[in-house]
Participant: 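I have a structure here, written as structure tokens, and I will follow up with some questions on it.
We use all heavy atoms of the structure for the numbers below, so side chains are in, but hydrogens, waters and symmetry mates are not. Both ligands and their constituent atoms are indexed starting at 1 by order of listing.
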Amino acid sequence: MIERLQELFGITGAVSFRRNAQGFPLAELTSAAGQRVEVLIHGAHVLSWRTPQDQNLLFCSEKAQFMRGKPVRGGVPIIFPQFGKGELPSHGFARTAMWDVKSSASPAPGVISLTLGLQDSKSTQDMWPHQFLLELSVTLGTTLAMKLRIYNCGTSPFYFYTGFHTYFNVADITRMQILGLGGRTYIDTRRSDRPYLVQQPDGLLVDDEVDSIYLNAPDKVEIDDQLNRRTITVQKENIKDLVVWNPWSSKSKAFADLGEQEYRRFVCVEPAIVNQKITLEPRASYECSQVLSYR
Ligand code: TA6
């Protein structure tokens with residue numbers, strides 16, 4: 001399989017394929033700027049995003065499981081067609097399905113792009129009776145861009161939720177703030193009454209469990225990772241909401257694939273369509289993206 005992927009989609013010095021320690025096939029993208037990204041074919045899961053100095057900007061749990069049909073705790077899980085818990089497995093089946101590599105390209109000098117696809121199957125139809133095609137394009141240059149296209153290949157409309165459940169590495173969650181959400185309305189999902197609250201002040205500090213859905217959030221927010229002296233920018237497009245999540249120590253114990261103290265080293269900032277579903281007519285498509293950068 002790896003040899004075939006290398007033959008079809010490998011690009012010298014820019015795109016290569018290998019298996020990770022658990023035997024999962026993955027693509028490694030390297031841009032001229034020296035940034036590197038690993039993408040698992042399983043789930044079309046961006047696993048790491050490294051600076052030229054080999055610092056990983058994405059978190060991946062030391063206890064992450066690499067098992068067919070299981071989500072990986074870290075990187076950028078693709079949420080589709082369900083957000084969170086519900087009739088389908090949590091956050092839907094896209095992140096635990098085996099995608100296909102569709103193409104690789106260099107859309108601009110020093111920029112590299114890989115596109116993966118997921119078509120409906122008996123397995124997905126048994127859970128969710130719709131014909132669809134997903135395409136995820138991962139483009140790396142001096143930024144990391146992820147574009148998700150959703151096609152309705154059937155003869156009846158369907159609705160979906162979607163998003164990028166991105167785990168960002170931070171030196172210390174208590175020395176971090178998220179900028180850009182001041183004055184915005186959010187749902188505090190930790191509480192059973194799911195109250196609508198307003199974010200004050202502008203800098204969102206995390207000193208306990210946080211699980212908030214910011215409605216109609218600004219398209220740009222920043223993660224001020226103070227101890228790493230680094231700011232990560234999250235720019236979303238055609239995605240209304242933004243979820244901020246950290247389980248803190250209180251909820252970490254519920255996750256077998258998360259080390260006890262690891263909550264201190266990540267924050268999830270998730271461009272997502274959560275609050276209002278998207279309905280797609282037959283033969284229609286929907287496109288959304290996130291562009292990540294750092295300084
Ligand atoms: O995006 C926040 C959230 O929905 C949390 O409520 C928590 O469940 C988290 O996602 C992780 O979900 P997962 O299914 O990946 O364990």
Participant: For the residue pair F266 and F59, is the inter-centroid distance of their aromatic rings smaller than 6.0 Å?
Facilitator: yes
Participant: Are side-chain heavy atoms of T231 and Y294 found at a separation under 4.5 Å?
Facilitator: no
Participant: Starting from atom 14 (O) of ligand 1, find the nearest protein heavy-atom neighbour and note its residue, name and distance.
Facilitator: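 The closest one turns out to be S90 OG, 2.7 Å.
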Participant: So is E209 close enough to ligand 1, meaning a heavy atom under 4.0 angstrom away?
Facilitator: no
Participant: List every atom of ligand 1 that sits less than 4.0 Å from any heavy atom of D211, numbering the atoms from 1 in the order shown and giving each element.
Facilitator: 2 (C), 5 (C), 6 (O)
Participant: Considering the heavy atoms of F83, write down every atom of ligand 1 situated less than 4.0 Å from one of them.
Facilitator: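 This gives 1 (O), 4 (O) as the contact atoms.
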Participant: Measure the acute angle between the ring planes of F80 and F132, then classify it against the limits of 30° and 60° as parallel, tilted or perpendicular.
Facilitator: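 Because their plane-to-plane angle lies in the 30° to 60° range, the rings of F80 and F132 count as tilted.
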Participant: So R265 and N169, do their side chains get closer than 4.5 Å, heavy atoms only?
Facilitator: yes
Participant: Checking a contact table here: which protein heavy atom is nearest atom 1 (O) of ligand 1, and how many Å away?
Facilitator: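 Checked against all protein heavy atoms, atom 1 (O) of ligand 1 sits closest to E270 OE1, 2.7 Å.
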Participant: If you measure every N/O of Y167 against every N/O of ligand 1, is any gap under 3.5 Å?
Facilitator: no
Participant: In this structure, are over 12 heavy atoms from other groups packed under 6.0 Å from E237 atom CD?
Facilitator: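 No, not enclosed.
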Participant: Any chance the rings of W128 and F160 have centres within less than 6.0 Å?
Facilitator: no
Participant: Please report which non-hydrogen protein atom sits nearest to atom 3 (C) of ligand 1, along with the residue it belongs to and the distance in Å to one decimal place.
Facilitator: H91 NE2, 3.8 Å
Participant: Can you tell which of K85, R73, R190 gets a heavy atom nearest to atom 8 (O) of ligand 1?
Facilitator: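 Answer by nearest heavy atom: K85.
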Participant: Which atoms of ligand 1 sit under 4.0 Å from any heavy atom of R95?
Facilitator: 13 (P), 14 (O), 15 (O)
Participant: For K251 and ligand 1, answer yes if some heavy atom of the residue is under 4.0 Å from a ligand atom, otherwise no.
Facilitator: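 So K251 does not count as touching ligand 1.
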Participant: How about F164 and I79: do any of their side-chain heavy atoms sit closer than 4.5 Å?
Facilitator: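 Side chain of F164 against side chain of I79, heavy atoms only: no contact under 4.5 Å found.
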